[in-house]
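To start, the structure under review is shown below, and the notes come after it.
What's counted below: heavy atoms across the whole structure, side chains too, no hydrogens, waters or symmetry copies.
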There are 2 protein chains.
Amino acid sequence: MDSVERMDLIVARLREEGEVTVVELAETTGHSEMTVRRDLDHLAGQGVLRRVRGGAVSLLPRGQEPPYAIRERQAPDAKRRIAEAVGELIGDGQAVLLDSGTTTLQVARELAERHITVMPLSLQVAQVLSDGRTARLLMAGGEVRVGELSLIGPLAEASLNAVRFDTAVLGCCGLSVAEGVTAYDLGDVAIKRAAMRSARRVVLAADSTKLAQVAMGYVCPVGDIDVLVTDTDAPDEAVAAISAAGVVVQCV
Amino acid sequence: MDSVERMDLIVARLREEGEVTVVELAETTGHSEMTVRRDLDHLAGQGVLRRVRGGAVSLLPRGQEPPYAIRERQAPDAKRRIAEAVGELIGDGQAVLLDSGTTTLQVARELAERHITVMPLSLQVAQVLSDGRTARLLMAGGEVRVGELSLIGPLAEASLNAVRFDTAVLGCCGLSVAEGVTAYDLGDVAIKRAAMRSARRVVLAADSTKLAQVAMGYVCPVGDIDVLVTDTDAPDEAVAAISAAGVVVQCV
DNA sequence: CAATTCAAACACAGAAGATGTTCATTAGAT
DNA sequence: ATCTAATGAACATCTTCTGTGTTTGAATTG
């Protein structure tokens, strides 16, 4: 059991029990208590839990978004395929708006070596794109959400209002015909809306697990999306319903 | 001779001769030709040189700014001391504007664990601050200069106009009473000016090597600076002249 | 005050990176 | 067109880093 598996186990335990103990985790994982403590300290640094004597308590209230480092490990294959498909939707020279999130981060990796103009809505996405050194980077301003590194607030909206894009690539937390497109953070919601206003075409990149979920913040009805790229695990009836709303659905 | 020394040697040769050969470098450094080639490829990736058969030619025209990776190794001790002193000038809870550059990057490392509000004018500085997770990060928008990762252009100016700061911590490329504060890139110059307009107090962080230099872009007269933090190698007459212009000079 | 937990320090193993060597391929010179 | 030197890929070796466990003394809690 390597460090990644251990972390996943700890997070799973925290979700079920709300708290964990060092001794119990050491037995379960088969590693020393010192190693468990180091794992817990690491997760504490990500804001996942709070250390207490003998163990840790969860900082993940139900109904709230799991932290970045956790989400990045969810459905990585699907996200990679989706990112690849989104990359093919973007032509060279286009101006692209790239949302924050783990799926769009993967899209950024796909676009990093392309010759396009990109405005990322996340510091992490910006990092990936600047490493590529070929894309023209137009940074959005805004307040940086700690942990997420997404950009929100009036400065971010002002940045979006100042530019027009060929394509906006958005992520989301939940998606259904009944409930529309939803996200956890209300600040992010406002930005997604502004992003849609600034782009001629809106592409939503969402793996199939999102189709079953509804988050607190309402972004827009499904029909406002132009293209949805998801994976082949998406249930047929959901895909049919979303298509019926006028969305081009692509399953990869 | 480790890889850092080799790179420095290669850059020095490029500055003197304008070009280098693989064979000669292999002899001088005492390493294999393959290693030299890998070094050259690495520097080519940073935009320092262009590979040609048998060697490489410089991409560093005189009068232009050396690339980031090179500057970061210049006077690192002085920069650290300066950064520490600048950190002491910043009180908790303040709103701080942080310029791009290698000296201000060091300042960012100093401020990363503080509880302040910071607007960085560089992606790299933003990266450092977001790692700290204590500072409130207000990202400036703007076009990202490739290689430098500094933010320039109208979006950046708009971000600066939208906020007011207690302190602006600026870097520069050249500084003298006769020629004022100067920088290489004209885009950066405009941003530095806007930054000064948005801050009650302007702190310039510049190691003593900057006192002898003049760059192309004129930012402002020396007297517009409130505090200059430099190192103890600064010549006394220069310090006296700058003080006479009404600047509080601190040598560390 | 006693029992437990913790964190710093050191030791060790496996992983990752850097370097050198060999060799087939390629670019440039003749 | 042919030859020579340069190149980059592939592999082997060595070094450095990172992750882990153990020990030990300090800190916390009941």
Residue pairs fulfilling salt bridge (charged side-chain N to carboxylate O under 4.0 Å, His left out) with at least one residue in residues 79-90 of chain B, sequence neighbours excluded
B:Asp77-B:Arg80
For A:Asp185, the salt bridge (Lys or Arg N to Asp or Glu O under 4.0 Å) test, sequence neighbours excluded, returns A:Arg145
I need a per-nucleotide contact map over nucleotides 12-30 of chain C, read 5' to 3'. Cutoff is protein heavy atoms under 4.0 Å; write B for the base, S for backbone only, - otherwise.
-------BBB----BBS--
Bend of the helix from C:dC1-D:dG30 to C:dT30-D:dA1 from end-axis comparison, five pairs per end, nearest 10°, comes to 50°
Can you pull the contact range of chain A along DNA chain D, 5' to 3', using atoms under 4.0 angstrom from its heavy atoms?
D:dT20 to D:dT29
Salt bridge (charged side-chain N to carboxylate O under 4.0 Å, His left out) contacts in which one or both residues fall within residues 93-108 of chain B, not counting sequence neighbours:
B:Asp99-B:Lys192
In whole angstroms, how far is the P atom of C:dC6 from the CZ atom of A:Arg50?
13 Å
Can you name the salt bridge (Lys or Arg N to Asp or Glu O under 4.0 Å) partners of B:Glu110, sequence neighbours left out?
none
Taking the side chain from A:Thr182 and the backbone from A:Met216, do they hold a donor-acceptor pair closer than 3.5 Å?
no
State whether A:Arg51 places a side-chain N or O below 4.0 Å from either non-bridging phosphate oxygen (OP1 or OP2) of C:dT5.
no
Would you list the atom pairs, donor with acceptor, under 3.5 Å between side chains in residues 42-51 of chain A and any protein atom, with sequence neighbours excluded?
{"residue": "A:Arg51", "atom": "NE", "partner": "A:Gly55", "partner atom": "O", "Å": "3.0"}
{"residue": "A:Arg51", "atom": "NH1", "partner": "A:Asp41", "partner atom": "OD1", "Å": "3.0"}

Acceptor/donor pairs from residues 117-129 of chain A side chains to any protein atom, 3.5 angstrom cut, sequence neighbours excluded:
{"residue": "A:Ser122", "atom": "OG", "partner": "A:Gln124", "partner atom": "N", "Å": "3.1"}
{"residue": "A:Ser122", "atom": "OG", "partner": "A:Val125", "partner atom": "N", "Å": "3.1"}
{"residue": "A:Gln124", "atom": "OE1", "partner": "A:Tyr68", "partner atom": "OH", "Å": "3.3"}

Just to verify, what does A:Asp233 make a salt bridge (Lys or Arg N to Asp or Glu O under 4.0 Å) with, not counting sequence neighbours?
none
Test of understanding: with side-chain contact (heavy atoms from CB on, under 4.5 Å), list the residues that count as partners of B:Glu33, not counting sequence neighbours.
B:Val22, B:Val23, B:Ala26, B:Arg37
List in chain and number order the residues that pass side-chain contact (heavy atoms from CB on, under 4.5 Å) with A:Thr28, two or more places apart in sequence or in another chain; answer none if no residue qualifies.
A:Leu9, A:Arg13, A:Glu24
